[in-house]
Amino acid sequence: MTAGRRRAGGRAGALPASSGAEVVESSRFAGRDDWLAAVGRALTSGRAEHLLGTMAIDRDVVLAVARCEVSRATEAGVCTLSHAGIAQSTGLPRSVVLRARLALIELGLSDLAVGPGIAGELRRELRHL
């Protein structure tokens, strides 16, 4: 995790305590295939089922967004695609892409970050659980 960034809940690398999630021990991006496998595993959990139901989003939609993000991520797992860019690539509505990306963040699979010295450029860092 880059310096100065914190997850919701105040501790770097941790999900909010209210979510019932444990502290993420290793958040290093280990490659595209490993990340997609981690997404697949996370989406089969009871927590994900509840979260996706609450967000009114389908597991396959989240996977489609994850595949698009990882296909354009750097070797370090950084993706700078906008919601609109993913919507255009996948054919999904922008609002659905937004919810899918929020689900990936809530499940601890990605973070929002701003690069040092790059004011206003938002990027996503894909995480491996």
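- A donor-acceptor pair under 3.5 Å links the side-chain atoms of W35 to the main chain of L109, judged by distance alone.
- Atom CG of L51 and atom CD1 of I57 lie 9.0 Å apart (nearest 0.5 Å).
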Between V39 and V70, is the side chain to side chain contact (heavy atoms under 4.5 Å, CB included) condition met? List the steps. CA-CA 11 Å; V39 170; V70 80; over 6 Å; no

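- L52 has its side chain out of reach of V61: every pair of non-hydrogen atoms, C-beta onward, lies at least 4.5 Å apart.
- Here salt bridge (charged side-chain N to carboxylate O under 4.0 Å, His left out) pairs that include residues 50-60, with residues two or more places apart or in two chains, number zero.
- Distance check, rounded to the nearest 0.5 Å: CG of L104 to CG of D111 gives 11.0 Å.
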Show me the donor-acceptor pairs within less than 3.5 Å that the side chains of residues 85-100 make with the rest of the protein, sequence neighbours left out.
from, atom 1, to, atom 2, distance (Å)
S89, OG, G85, O, 3.1
T90, OG1, I86, O, 2.8
T90, OG1, L92, N, 3.2
R99, NE, M55, O, 3.0
R99, NH2, A56, O, 3.0

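- Every pair passing salt bridge (charged side-chain N to carboxylate O under 4.0 Å, His left out) that includes a residue from residues 71-90 is listed here, sequence neighbours excluded: R32-E75.
- When all heavy atoms of S45 and A48 are compared, the closest pair comes out as OG-N, 3.0 Å.
- A 4.5 Å side-chain heavy-atom check between L81 and C68 finds at least one atom pair inside the cut-off.
- Residues satisfying the side-chain contact (heavy atoms from CB on, under 4.5 Å) criterion with S82, sequence neighbours excluded, are A84.
- Applying the side-chain contact (heavy atoms from CB on, under 4.5 Å) test to D33 and every residue at least two apart in sequence or in another chain returns nothing.
- Under a 4.0 Å N-O distance rule, the pair R47/E106 qualifies as a salt bridge.
- The one candidate from R67, E69, R41 that meets the side-chain contact (heavy atoms from CB on, under 4.5 Å) condition with L36 is R67.
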